[in-house]
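Bear in mind the structure is a predicted one, so any value in this text is a computation, not a measurement. All heavy atoms count here, side chains included; hydrogens, waters and symmetry mates do not. Chain letters run A, B, ... following the sequence lines, proteins first, then strands; residues in each count from 1.
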Amino acid sequence: MAGKVESQELDLTKLDKILSRYEGQDDALISVLQGVQAEFGWVPQGAIEHIADAFQISPGEVYGVLTFYEQFYLTPRGRNTIRVCRGTACHVRGTNANLRTVERTLGIKEGGTTNDFKFSLETVACLGTCFLAPVMMVNRNYYGKLTPDKVETILKQYD
Amino acid sequence: MARVNSPKELEGLRQQILSERDPNKPCIAICAGIGCLACGAAKVVTVFKQEVEKQGLKLDVDIKETGCPGFCERGPIVVIYPEEICYLQVQPEDVPEIISQTIKEKKVIDRLLYIDPTTGEKSTYESEIPFYKNQHRLLIGQNIKIDPRSIDDYIALGGYKALAKALCAMTPEQVMEEVDKANLRGRGGGGFPAGAKWKTTRDAPGEPKYVIVNADEGDPGAFMDRSLLEGNPHSVIEGLVIGAYAIGSHEGFVYVRQEYPLAVENINIAIKQAGEYGLLGKNILGSGFDFVIDVHRGAGAFVSGESSALMTAIEGRVGEPRPKYIRTAVSGVWDKPSNLNNVETWANVPLIIDRGADWFRSIGTEGSKGTKIFSLVGKVNNTGLVEVPMGVTLRSIIYDIGGGIPGGKKFKAVQTGGPSGGMIPEQYLDASVDFDELTKLDSMMGSGGMIVMDEDTCVVDVARYFIDFLCDESCGKCVPCREGLKHMREILNDIVGGRGKQGDIELLEGLSRVMKKASLCALGQTAPNPVLTTINYFRDEYEAHIEEKRCPALVCKELISYHIDPDKCKACMICGRECPVSAISGGKGLIHIIDQEKCTRCGTCFDVCPTRFRAVKKISGEPVPAPVPEAERVLVRGNK
């Protein structure tokens, strides 16, 4: 699927539509990149050059912003994103055991995507739901007071 | 919506809103903050709406989705007005009963009330619950009464009254003076006096001037700002406009973490509504003062919470800090004077203007006035948001409000100030919590994260955890922070990995000194705090790791061994099946034994051993007991 997305012609009309929303705003690079990611799920290589042209900056500068902020992805993502919280409260309440369980169950490491593009696994600094520690999110759903058992059951609910 | 053109019209609008509302009409307020939503509040709201319709009460009952009242541990939280009955952990299946019993029959449902775990006493009203009773909730107290998406709710409670007073009855100088006199100190961490910062921006040459809300709340374990933005966004906007008026700024920014989608949504709605009433935009309340707000979403970088880094992020660039021999108050966004304050700081401003500096000064300690919101989390019974006057003791927060440590465990330390703060041990539990006292203990107030740790927490591991976090988040611009953190991480990894050596502690201390002195921004300058405080207060634990290769809290993987207690093992085969390296031998009726050579100490066996057996043990600093002889391995069922 990765190959498929990449080989597909990047839909420049969609990209231009996003760019036109911020026309004339020099400070909108991050907003544009956020828009691109919302549209495509990641920021494809072709988009970087196009955006650089639009802002009249070098692709290197765009790439610099993309790699500085954690939110941006330069590779295609799985259909479901798992975010295991590694905040302090989760850390002291044993989030590592849950992370191990996700990694073991899916056969991927933090930052990885399963071969079938079903899941991408991330860790985050804090989800801000410490009262539910240890927590993970799948897409926009929160799962709290997790144990390795619960993690396995939760993962089965997604396809 | 009609424009409000004067303070008089604002009061007229408030009276009109109140007159349209029957104070005796039952209202079901359901917390729709992220905490309760994570506990399933959205479903509860839907079912309430359906059930009210089904029981034919649609016109007789209001349903309100409100901001977060703070007791996130017990969400979803529902409060029934006018009686103010507080139900906790409400599930969709409880809803029909709440409608038929509480709304119709006015009967309280006992099982949904707060029950004190020690006394067994029930609390019907929010004000009776110890978690709330011991707080002083000036900022978050109104959250449960307000639908954050309704400006009318905010106005009904007197919202924007302070703005009217500031714009129409006070000069910018008077506003500035009042805030200065109140000694409002920045809630984001540093505790810098807001009044002094405002003055610097006002007096700095250059136009336009900007005012900014810092909502890039990045400390792990902190979510106070999110709850204010989500739950009462107008209070932040009102504070910002008042500040802008005092400073002479006509354009403001709210910089919110991307990870807070609901906060982004609610602040945008609030800005739109305020604009429609003319509380933002041109000629606010007929005062001749103009002000607009733009919302920027952060893209995930801890360092962007630092003032100069945040400002470059607003400009759409890599959010790196710059040297601050010229303050951002003088040269910030686009090199213009820019005043940055944290969400909670701004939310305090309307209170000060409305009730006066003298009232504000009556709360708190000599050097720290007002209240502070903390997110009380970790190994504590009642987790959630806690707002207390400055100066209460850590003990009072953790025990009176937080209800102590769960599971009869022993308190070990409380971590304040996030990755820039420190760990405070038991002997200082009676220290009062304000900017200066916490700094004296080598920690800091920070933005308000308060993470409680019990005896099962390894302080060396936590120090390593913070350094690891900061290593990832250091922007890499200056050498002391970038390289210092990397080396600290290596040394700490060695210590927790059983490779610690004599001199490591001193080396950590030496690196810390350089980083504190030579780093470019506060991230690097404060980064050593978690290490220094743990060395200072828990040196024996570092020494145990280094000299005896022992982790006293049984946390550090390389220093522990797993052992199956032959007296407790019920030979259920679960651990054997789950062990990823097949290090566990045994079978049905045969007590399991871990092959220490094969074991990778992943902890799976410990995780999966059924809690009713708890046969897997962790051992550190002592030899693993010899395996049971083969002859004794057979488990005779019924006899054990």
### Query
Does any heavy atom of chain A fall under 4.5 Å from the side chain of B:S227, the backbone, both, or neither of them?
neither
### Message
Can you list the residues of residues 87-95 of chain A that sit under 4.5 Å from chain B, counting heavy atoms only?
### Response
A:G87, A:T88, A:A89, A:H91, A:V92, A:R93
### Message
Please classify the contact between A:R83 and chain B as side chain, backbone, both or neither, with a heavy-atom cut-off of under 4.5 Å.
### Response
neither
### Task
Determine whether B:C39 and A:L132 make a side-chain contact, defined as any pair of heavy atoms from C-beta on separated by less than 4.5 Å.
yes
### Query
Hey, is CG on A:N139 packed in by over 12 heavy atoms from elsewhere, all under 6.0 Å?
yes
### Query
So, the side chain of B:R226 versus the backbone of A:G128: is there a donor-acceptor pair under 3.5 Å, distance only?
yes
### Query
Any Lys/Arg nitrogen of A:K145 or B:E73 sitting under 4.0 Å from an Asp/Glu carboxylate oxygen of the other?
yes
### Query
Got more than 12 heavy atoms from elsewhere within 6.0 Å of CD, A:E23?
no
### Query
Can you say whether B:F606 sits under 4.5 Å from chain A via the side chain, the backbone, both, or neither, judging by heavy atoms?
neither
## Note on the structure
Comparing B:K379, B:R257, B:M453 against chain A, the one with the most heavy-atom pairs below 4.5 Å turns out to be B:K379
### Message
At a 4.5 Å cut-off on heavy atoms, which part of B:R74 comes close to chain A: side chain, backbone, both, or neither?
### Response
neither
### Close side-chain approach of A:R140 to B:P261, heavy-atom, < 4.5 Å
yes
### Spacing of A:Y69 atom OH and B:Q258 atom CD [to the nearest 0.5 Å]
12.0 Å
### Task
Among B:P220, B:G35, B:G418, single out the residue with the greatest number of heavy-atom pairs under 4.5 Å to chain A.
B:P220
### Message
Please report the interatomic distance CG(B:L376) to SG(A:C130), rounded to the nearest 0.5 Å.
### Response
10.5 Å
### Query
B:D461 versus chain A, heavy atoms under 4.5 Å apart: side chain, backbone, both or neither?
both
### Message
For residues 24-41 of chain A, which residue pairs pass the salt bridge (Lys or Arg N to Asp or Glu O under 4.0 Å) check, not counting sequence neighbours?
### Response
A:K14-A:E39
#### Entry: Sequence-distant partners of B:F131, ring pair (Phe, Tyr, Trp, His ring centres under 6.0 Å), two or more places apart
B:F71
### Message
Quick check for you: to the nearest 0.5 Å, what is the distance between B:E217 atom CD and A:C126 atom SG?
### Response
8.5 Å
### Message
Just so I understand: if I count every heavy-atom pair under 4.5 Å between each of B:H296, B:E320, B:E315, B:Q415 and chain A, which residue has the most?
### Response
B:E315
### A:L127 portion near chain B, given a 4.5 angstrom heavy-atom threshold
backbone
### Message
Side chains of B:V380 and A:F131, heavy atoms from C-beta outward: is any pair under 4.5 Å?
### Response
no
### Task
Check the pair A:R100, B:D607 against side chain to side chain contact (heavy atoms under 4.5 Å, CB included), reporting the backbone distance first and the verdict last.
CA-CA 10 Å; A:R100 283 197 301 265; B:D607 298 338; 3.1 Å; yes
### Summary
Value for CG (B:L37) from CG (A:N141), rounded to nearest 0.5 Å, stands at 11.0 Å
### Message
Tell me whether A:Y63 at atom OH has more than 12 heavy atoms from other residues, nucleotides or ligands lying less than 6.0 Å away.
### Response
no
#### Entry: B:E473 versus chain A, the contacting section by heavy-atom distance below 4.5 Å
side chain
### Summary
Checked B:A222, B:G40, B:G221, B:C72 vs chain A; the most non-hydrogen pairs under 4.5 Å come from B:C72
### Query
In terms of heavy-atom proximity below 4.5 Å to chain A, should B:R317 be classed as side chain, backbone, both, or neither?
backbone
### Query
Given a strict heavy-atom distance threshold of 4.5 Å, which part of A:A125 is in contact with chain B: side chain, backbone, both, or neither?
both
### Message
Going by ring pair (Phe, Tyr, Trp, His ring centres under 6.0 Å), name the residues that satisfy it together with B:Y210, two or more places apart in sequence or in a different chain.
### Response
B:F253
#### Entry: Structural part of B:I314 lying under 4.5 Å from a heavy atom of chain A
backbone
### Task
For residues B:E259 and A:Q71, determine if any side-chain heavy atom of one lies less than 4.5 Å from a side-chain heavy atom of the other.
no
### Task
To the nearest 0.5 angstrom, please state how far the CD1 atom of A:I30 sits from the OG atom of B:S304.
7.5 Å
#### Entry: Heavy-atom closest pair, residues A:Q34 and B:G298
NE2-O, 3.2 Å
### Message
Just so I understand: if I count every heavy-atom pair under 4.5 Å between each of B:G319, B:G300, B:G384, B:A299 and chain A, which residue has the most?
### Response
B:A299
### Query
By a 4.5 Å heavy-atom criterion (distance strictly below it), what part of A:A97 contacts chain B: side chain, backbone, both, or neither?
both
### Query
So what's closer than 4.5 Å to chain A heavy atoms on B:C475: side chain, backbone, both or neither?
both
### Query
Between CZ of A:R86 and CZ of B:F469, what distance do you get to the nearest 0.5 Å?
11.5 Å
